[in-house]
Amino acid sequence: MTKSKLLIDRRSALKLAGGAAVAGLGVNSFPMPAIAQGAPIKVGFMLPYTGTYAALGKNIDQAFRMYVAEKGDKLGGRPVEYVTVDDQADPPKATENMNRLVDRDKVDVVVGTVHSGVQMAMVKIARETNKLLIIPNAGADAATRAACAPNVFRTSFSNWQPCYPVGKVMKDNGHKTAMTITWKYAAGEEDVVAFKQGFSENGGQVVGELWVPFPEVEFQSFLTQIAEKKPDAVFAFFAGGGAIKFVKDYVAAGLKKSVPLYGPGFLTDGVLPALGEAAEGLQTTLHYADDLDNAADKKFRAEHMKRYGAAPDVYSVQGYDAAALLVIGMDAAKGDLKAVDPMYAAMRAAKIDSPRGPISFSASQNPIQNIYLREVKNGKNAFVKIAHAALADPGTGCKLA
Ligand code: BEZ
């Protein structure tokens with residue numbers, strides 16, 4: 001047998017059966033399968049570690065690691081190795097960044113990301129390669145609608161979920177007209193669609209839509225248009241550094257009292273220390289609040305404070321639950337990443353006692369969760385009431401079930 005023929009046989013034999021089980025070949029000739037060696041599970045974080053969403057990426061990363069540490073730093077009995085890629089919330093770089101993790105670093109699972117535009121490029125590659133992808137923030141509706149896939153799970157929200165309930169909140173507060181202002185990319189666009197649906201179902205009318213290029217934070221000309229139009233209220237989506245600048249500018253423009261500001265809770269989550277007095281009284285809807293009365297949240301907040309010296313936010317919760325979901329899958333697969341049937345079945349059926357309250361997963365593998373109305377009081381996103389209980393995304397166009 002020639003050397004090259006021998007090589008081909010080794011490769012295909014390993015590919016076929018993982019070495020030791022190949023009939024007629026000396027067991028010692030081949031490496032043992034990774035799982036038998038207790039080889040680490042490689043977790044690839046593709047998150048923004050710089051730019052306007054940097055704090056969001058950091059909080060997801062930290063809380064994910066915290067959960068795994070609470071489980072003895074093991075996934076399905078195997079140690080864990082982390083690889084990180086800074087995606088900078090930059091869609092044109094998304095394909096190359098995801099390919100780096102999948103092809104070069106050969107991670108076993110990708111956890112990412114924050115920005116909806118980056119997310120859709122990642123989902124495309126996950127679908128092509130069957131790589132397990134857990135989405136810890138980005139709400140791109142299509143990821144768990146038409147582009148859903150058995151290997152794509154989300155532990156955060158669809159863009160529709162936190163925005164649809166805002167319409168009823170505004171109506172209950174007596175507002176009949178509203179303007180919208182958001183960054184112009186998938187998340188902002190889908191947020192406005194969801195808000196308009198909820199607002200019009202409650203008799204409200206959107207009288208103007210303002211679009212800010214992402215990630216720009218020059219709001220002055222837009223705020224002037226709001227002041228001129230005088231709607232009853234404003235619906236806004238900004239997050240991270242952009243949310244801080246927007247809320248401060250809104251207050252400085254003298255609009256906070258005359259045109260009440262609402263939005264999904266990204267406007268105030270994780271940014272209250274920077275916003276201070278400016279945020280007091282703002283009402284938002286989200287799947288988390290800073291003072292939920294449940295044991296899982298109390299433990300989570302105390303652990304986070306102890307480990308990182310900072311209070312967690314909604315992004316931390318989503319990262320923590322991404323790890324919880326992966327642990328459920330890896331335990332069901334007994335650490336064998338090839339055992340995707342039991343792994344994905346367990347993840348689909350997961351019921352997580354999350355810091356946000358109980359969550360389960362819809363047929364399109366997106367969380368079913370309470371959406372809370374919160375109000376900023378004394379520097380906290382304080383729980384007001386459940387705005388919509390156990391809200392599931394419609395999952396339109398997903399053909400998994
Ligand atoms: C998004 O792009 O989907 C997103 C980014 C930050 C906060 C919420 C959603």
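Position 1 is the first residue of the sequence, and the numbers go up from there. Predicted model, so just to flag it, every value in this text is computed and none were measured.
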Look at the rings of Tyr67 and Tyr320 and say which category their plane angle falls in: under 30° parallel, 30 to 60° tilted, over 60° perpendicular. perpendicular
Under 30°, 30 to 60°, or over 60°: which ring-plane class applies to Phe246 and Tyr250, parallel, tilted or perpendicular? tilted
With a 6.0 Å cut-off on the ring centroids, do Phe238 and Phe219 count as close? yes
Taking only residues two or more places apart in sequence, or in another chain, which ones meet Ala126 in a side-chain contact (heavy atoms from CB on, under 4.5 Å)? Met98, Leu133, Asn151, Val152
Sequence neighbours excluded, the answer for side-chain hydrogen bond (donor to acceptor under 3.5 Å, both in side chains) partners of Ser354 is Asp321, Arg356
If you round to the nearest 0.5 Å, how far is CZ of Arg307 from CD of Gln62? 8.5 Å
For residues 281-374, which residue pairs pass the disulfide bond (SG atoms under 2.5 Å apart) check, not counting sequence neighbours? none
On the 0 to 90° scale, with breaks at 30° and 60°, tag the Phe237-Phe266 ring pair as parallel, tilted or perpendicular. perpendicular
Do Pro394 and Arg145 have side chains that get closer than 4.5 Å, going by heavy atoms? yes
Does any donor atom in the side chain of Asp297 or Tyr288 lie under 3.5 Å from an acceptor atom in the other side chain? yes
Any donor-acceptor pair under 3.5 Å linking the side-chain atoms of Thr268 with those of Arg374? yes
Is any side-chain heavy atom of Leu275 less than 4.5 Å from a side-chain heavy atom of Lys248? yes
Distance alone, cut at 3.5 Å: any donor-acceptor contact between the side chains of Asp61 and Tyr82? no
